[in-house]
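A, B, ... follow the sequence lines: proteins, then strands. Residue 1 opens every chain.
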Protein chains: 2
Amino acid sequence: MHRLDRSLIAGLPAFQGLDDSSLDAILQSASSLRVTKDQAIFDQDSDAHSFFVLLDGRVQVVKSTPDGQQVVVRYIVPGELLGIAQALGRTTYPASAIAVVDCVVLAWPGKLWPEFATAYPSFGMNTYRTVGSRLSDIQAQVVEMATEQVEQRVAHCLLRLIKQSGKQTNDGITIDFPISRQDIAEMTGTTLHTVSRLLTGWEEKGLVKSGRQQVTVVEPSRLSVLAEGTARDNI
Amino acid sequence: MHRLDRSLIAGLPAFQGLDDSSLDAILQSASSLRVTKDQAIFDQDSDAHSFFVLLDGRVQVVKSTPDGQQVVVRYIVPGELLGIAQALGRTTYPASAIAVVDCVVLAWPGKLWPEFATAYPSFGMNTYRTVGSRLSDIQAQVVEMATEQVEQRVAHCLLRLIKQSGKQTNDGITIDFPISRQDIAEMTGTTLHTVSRLLTGWEEKGLVKSGRQQVTVVEPSRLSVLAEGTARDNI
DNA sequence: CTGCTACTTTGAGCAAACGCAAAGAGAATC
DNA sequence: GATTCTCTTTGCGTTTGCTCAAAGTAGCAG
């Protein structure tokens, strides 16, 4: 097995404030693995044996309901932690993680979590900061789901995606991983049909360009306008 | 100013695993305050000067949108932490907290947070566990909002409320603080009209009894059935 | 007791979005 | 190059739940 270089993780938020020897020690117990597209990194409700850092690729975090419906909780970009059930005092994963493109991840045995958190206080702080910001994110999402209607939610969703994973192209900003109407529907609590209708409508207005598993936002600012109140603002 | 007795907080989850001298030290810097019904403990977006533990009463946590809509995030019961913006690395409160009955809270200056977390590791662990469980709760809520329809959501909401704040009475289990149709609507992302219609419907079936700012669940088990799939389960 | 305020109920019409169904288009496989 | 599979589009009927409006009711203040 080849040694992992410290530079892999040195710049990441989770490892901020750690000195070189700590980083090396942490990497000692890490194993790197490749995950091919559509493969699961971990499954909901299974034993939380490991926690991970995504080094390259994109990962979809999905929660399934008992009756088989799915909700896409978030997408993970390189540098982020995932599967940190241990940090929340859980023993099973609350969701599944699927590679949406070929990925590279580092994995640590879950039982090392408490050791790391005490041995490297900054690491503990950093991860809890992550958890905190995810809590904020998801609270915002609840507010959105409670107060906005579908069109606004989908618009917000696209804006968030291009902010997180946008790549500038000739036409505008593209979401740089394959994402279907169904995926967007599962992020926003609607159906793929409604998403499809919205996208074609927006395409006619020149707001977006979209195709199979692919969305480009042509005019982010006009989409933002849609994302805020469309009607009702005429006071 | 009278001294605060250690027994006030000794049993609480947040202070589990702390020895008596630590508890005393922590209480040294606490101040207790009474909050009368309908008064705010802190306001959304204001400087997060303090964090709190609720000793007695009930507190409603509300998030407001820029256009004035409100979403009730959760209710806090005695023993729980609130206003822990610091733990999430935030400097302002992400929501407002309103006393729904007369309350007693302990308050600490926010800047003590990091000191406590490092000086009393169990305290840090405990609070992060709290944050973790709130993350789980709210993720479940997102899934609910995305996949269930209003009737199920309201049923789930009532079940959660009686679990957290239920008091056994002759008629059934009552939510032991004043809660309006509007409040329930703001928890479930619907309107007070729809909640009212649902409750009267359920009352006719003998599932609940309700009145002004008051709801009693007569048959929790039948309500649970409603909360899961009503139709569509006939496979 | 009376009037006021806040909360609740109920009706009627309407719009948003879903469910169902079928056809069309892109990509991958053989 | 034909076939298959998956993803997407689009039409239509239906439903859910919202909006608007108005009346009813309980508690509170004077």
Chemist: Would you indicate which nucleotide in C/dA27, D/dC18, C/dA6 comes nearest to any side-chain atom of A/R212?
Modeler: C/dA27
Chemist: Within the structure provided, determine whether B/L223 and B/P220 are in side-chain contact (heavy-atom separation under 4.5 Å).
Modeler: no
Chemist: Can a donor-acceptor pair be found, under 3.5 Å and without considering hydrogens, that links the side chain of A/Q152 to the backbone of A/Q149?
Modeler: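 Yes: the side chain of A/Q152 pairs with the backbone of A/Q149.
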Chemist: Quick one: label B/L199 by what it contacts on the DNA or RNA (base, sugar-phosphate, nothing), any heavy atom closer than 4.0 Å.
Modeler: nothing
Chemist: Counting only non-hydrogen atoms, which of residues 176-186 of chain B are less than 4.0 Å from DNA chain D?
Modeler: none
Chemist: By side chain to side chain donor-acceptor pair (under 3.5 Å), which residues pair with B/S196, not counting sequence neighbours?
Modeler: none
Chemist: Which listed nucleotide (C/dC18, C/dT10, C/dA17) is nearest to the side chain of A/T194?
Modeler: C/dC18
Chemist: OP1 or OP2 of D/dT9 sitting under 4.0 Å from any side-chain N/O of A/T200?
Modeler: no
Chemist: Where the side chain of B/T194 meets the backbone of B/T190, is there a donor-acceptor pair that is under 3.5 Å apart?
Modeler: no
Chemist: So which atom in B/S96 and which in B/Q44 form the shortest heavy-atom distance, rounded to 0.1 Å?
Modeler: OG-N, 2.8 Å
Chemist: Using OP1 and OP2 only, check whether a side-chain N or O of A/T191 sits under 4.0 Å from C/dA17.
Modeler: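 Looking at the OP1 and OP2 atoms of C/dA17, neither is under 4.0 Å from any side-chain N or O of A/T191.
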Chemist: Heavy atoms from C-beta onward define the side chain here; which of D/dT19, D/dT8, C/dA21 lies closest to that of B/R197?
Modeler: D/dT19
Chemist: Name each donor-acceptor pair under 3.5 Å that joins a side chain in residues 81-88 of chain A to protein atoms two or more places apart or in another chain, with its distance.
Modeler:
unit_1, atom_1, unit_2, atom_2, d
A/Q86, NE2, A/A48, O, 2.6

Chemist: Can you check whether A/S196 has a side-chain N or O nearer than 4.0 Å to OP1 or OP2 of D/dT9?
Modeler: yes
